[in-house]
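Written below as structure tokens is the structure these notes are about.
Throughout, protein chains are lettered first and strands after them, A, B, ... in sequence-line order, and every chain is numbered starting at 1.
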2 protein chains.
Amino acid sequence: MDVTGHTSPGRHSRPPGQEPRKAPSIRDVAQAAGVSYQTVSRVINRHPAVREETRKRVEAAIETLGFRRNPTAFALASGVTRSVTVLTSNTTLYGYAATLQGLEEAARAAGYSLGVKVLTPEDDLDRTISSAASDGGGLLVIGFDRLGASALRRVPADVPCAAVVEAPPHGRKPPRPAVWTDDREAARAATAHLLELGHRTVHYVAIPTSVGTRRSEGPRAQGWRAALEAAGITPPEPHGGEGWDARASYDQGQQLAHDPDVTAILCGNDDLALGVLRALHHAGRSVPEDVSVIGFDDAPHSEFLTPSLTTVRMDFQGLGRDAFGLLRGQLENDYRPPAPTFVGTALITRESTRHPTT
Amino acid sequence: MDVTGHTSPGRHSRPPGQEPRKAPSIRDVAQAAGVSYQTVSRVINRHPAVREETRKRVEAAIETLGFRRNPTAFALASGVTRSVTVLTSNTTLYGYAATLQGLEEAARAAGYSLGVKVLTPEDDLDRTISSAASDGGGLLVIGFDRLGASALRRVPADVPCAAVVEAPPHGRKPPRPAVWTDDREAARAATAHLLELGHRTVHYVAIPTSVGTRRSEGPRAQGWRAALEAAGITPPEPHGGEGWDARASYDQGQQLAHDPDVTAILCGNDDLALGVLRALHHAGRSVPEDVSVIGFDDAPHSEFLTPSLTTVRMDFQGLGRDAFGLLRGQLENDYRPPAPTFVGTALITRESTRHPTT
DNA sequence: GGCAGCGTTGTGACCGCTCACAATCGTTGC
DNA sequence: GCAACGATTGTGAGCGGTCACAACGCTGCC
């Protein structure tokens, strides 16, 4: 079953005699309208000092010739790009994809075009950054992970830049203008919820963090730990931290499943929760009867799992929108970015959590 | 729980006296190296007619000044952009996201920068297209749906363009160079598989199609229908066709669940399958004991569902790669796109399918 | 009537790079 | 010894816009 198809252009796909006629320039328009190129420039820039009648004439010429201002020439001459580049290590994981979507929407609404560059450990970070910087008007960095965070740190100070990041440690500020969600508090609340249901402790399966070594703790882990400590419980050793998806968490899920004392598990994201769910199922432990599971992020499919997943909803799109606003504030002198509009987090309780059976 | 954070740049974030010094130009390099700007241009373009010693000198100057060729000026002067724009109606659904990922990888490998523009029903398609076209060197259209397909049709003939599309009807060719997977055959094989297991018929929950009205059939529906007809079975009325996600298919799943004759369901993608799975569960019908379900696309989480989902694996990344190659062939005179490299489809059998009871 | 002042339009230079062509140099050939 | 030649290098123009400034015509005023 590997039948596939494609069509390709002929070697000479251009009909003879039909040169790819190049787009009209302002000088073409000027000639057609009987004015100077500068007047055309004024018209397309809505400069007030143009007589009504002249403007009409120029606009007519623009219309008939199908003129559109060449963005490249505009960028070169004016130094203004109206384009931004997103730097991210991933485009498909839910959190990243949703953030990217928010960034794109905001950019489109503001009339900016959006470039995307995926960061890989193999590529030279500085090289990638400087090429992206010279390409476009500004950089938007998704700094959820190590790669993204270190890219953010290396963006030269004179390059306009904004970021979406993991909640920074208390008292620390990200190196650049940034937005984030208070994951720490959200994780604390989710953990507290499990404790309130009557669980004696809560185990944690971690996502990778954006800082330091594998064993260092991200904000979600910190919130989890804080909730336990506030309840006078010694936190057990956290699991995971090496991958983002279900494949990565399945093993951890198996270990947890074999420990009969485990009755509640908080996962760093919904994909990890899925792997844990699967492992628990294989081990014959049912959710939520034997074990409660909470995810993080509220991915679109989490609601439809069986059992449907209790999880922490995040407003990634809102984060993206706001990060773009922050960048736009640096790009346009007269633009003041509005206060953050994203809605923070919310614990969505579904079927995967309940009180423990004594 | 709506605590969030952000930092913004001060109003005057630039340290006084530290102007954002503009990047060095080839003339700066030329002066530093004691040659003309044209010689510098030759060096950065690897023109052979430069004496070894001169080249060394220029390269040293480039290094010390940290010169990088301005892509905007290069584009304007040469007419070559080394950038492409992806037009898509969606960035988060698995098929789209994975295709985008393939496109991005290929573009990055070839040294192209990649722009993304999301198509919406509200925006003026022609406007979006022409702005994307003037922005970059070429267009890559993801034409899985109506919006994408109609965008593809409207791309002016003189704009370089390649697409990833739904398999076209027999004997038809897409309007532009394109790649696709033979979904029709894959759906036929998946349906045939269910029949071979002993099911008397197979029901179908459709994804939206890229052509015509809601009720017209995409290649997956055609393949399903063909398999049934080949077995002498009158195809039942297909369901769905109005949405891509689990929310859209849940209702259809409910209807199917209440019909005791339904023992096998093919879904247009894995998300729809998820909604159907959920509806069956709610109706008390177990999978695969009472009903077999097959999805399409092999999304990353499908393997970890319970029951894990039998599905048709697609090589979206490969499609993206190949589509980029097709575009690159139009952009560079001396580049011949390689033959398609994507691997087609494969039926992945997991827990959600088996022979019917009785 | 002459001139300042305004509204409107045109000219020249330039953004950073490429292209086509001209200029320079040291060799070579006869 | 000199023209021809190839290898190098430099010059001018232009890509399609913008900016700064000059120039024009008209009105209002003393």
According to side chain to side chain contact (heavy atoms under 4.5 Å, CB included), who are the partners of [X], at least two apart in sequence or on a separate chain?
X	answer
B:Ala32	B:Ala61, B:Leu65
B:Ser41	B:Gln38, B:Asn45
A:Glu122	A:Thr120

Query raised in the report: What pairs with A:Thr128 under side chain to side chain donor-acceptor pair (under 3.5 Å), at least two apart in sequence or on another chain?
Result: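 For A:Thr128, no residue satisfies side chain to side chain donor-acceptor pair (under 3.5 Å) once neighbours in sequence are set aside.
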
Using the test salt bridge (charged side-chain N to carboxylate O under 4.0 Å, His left out), find all partners of [X] that sit at least two apart in sequence or belong to another chain.
X	value
B:Arg154	B:Asp126
A:Glu53	A:Arg51, A:Arg57
B:Arg69	none

Query - Residue pairs passing the salt bridge (Lys or Arg N to Asp or Glu O under 4.0 Å) test where at least one lies in residues 316-325 of chain A, sequence neighbours excluded - result: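 Counting only pairs at least two positions apart or across chains, no salt bridge (Lys or Arg N to Asp or Glu O under 4.0 Å) contact touches residues 316-325 of chain A.
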
Which donor-acceptor pairs under 3.5 Å do side chains of residues 104-113 of chain A form with protein atoms, sequence neighbours excluded?
unit_1   : atom_1 : unit_2   : atom_2 : d
A:Glu104 : OE1    : A:Arg108 : NE     : 3.3
A:Glu104 : OE1    : A:Arg108 : NH2    : 2.9
A:Glu104 : OE2    : A:Arg108 : NE     : 3.0
A:Glu104 : OE2    : B:Val118 : N      : 3.0
A:Arg108 : NE     : B:Val118 : O      : 3.4
A:Tyr112 : OH     : A:Glu332 : OE2    : 2.5
A:Ser113 : OG     : B:Asp135 : OD2    : 3.1

Query - Positional range of nucleotides in DNA chain C within the contact set of chain A, heavy-atom, under 4.0 Å - result: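 Nucleotide range with atoms under 4.0 Å of chain A: C:dT8 to C:dG16.
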
Query raised in the report: Counting distance only, does the side-chain N/O of A:Gln101 pair as donor-acceptor with the main-chain N or O of A:Gln317 below 3.5 Å?
Result: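 Not a single qualifying donor-acceptor pair exists.
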
Report task. Using the criterion of both pairing distances under 3.5 Å for Watson-Crick and G-U wobble pairs, give all stems of 3 or more consecutive pairs involving DNA chain D. Result ->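 Stem segments, range with range: C:1-30 with D:1-30.
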
Report task. Measure the distance from CG on B:Leu76 to C1' on D:dT18 and round it to the nearest whole Å. Result ->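 So the CG-C1' distance, B:Leu76 to D:dT18, works out to 12 Å.
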
Query raised in the report: Starting at CD of A:Gln31 and ending at P of D:dG16, how long is that distance when rounded to a whole Å?
Result: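 From A:Gln31 CD to D:dG16 P: 14 Å.
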
Report task. Give one of base, sugar-phosphate or nothing for B:Arg27, where a contact means two heavy atoms less than 4.0 Å apart. Result ->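 If one applies the 4.0 Å heavy-atom cut-off, B:Arg27 turns out to touch a base.
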
Requested in this report: Name every residue in residues 34-62 of chain B that has at least one heavy atom under 4.0 Å from any atom of DNA chain D, in order of residue number, or write none if there are no such residues.
Outcome: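 Contacting residues: B:Val35, B:Ser36, B:Tyr37, B:Gln38, B:Thr39, B:Arg42, B:Ala49, B:Val50, B:Arg51, B:Thr54.
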
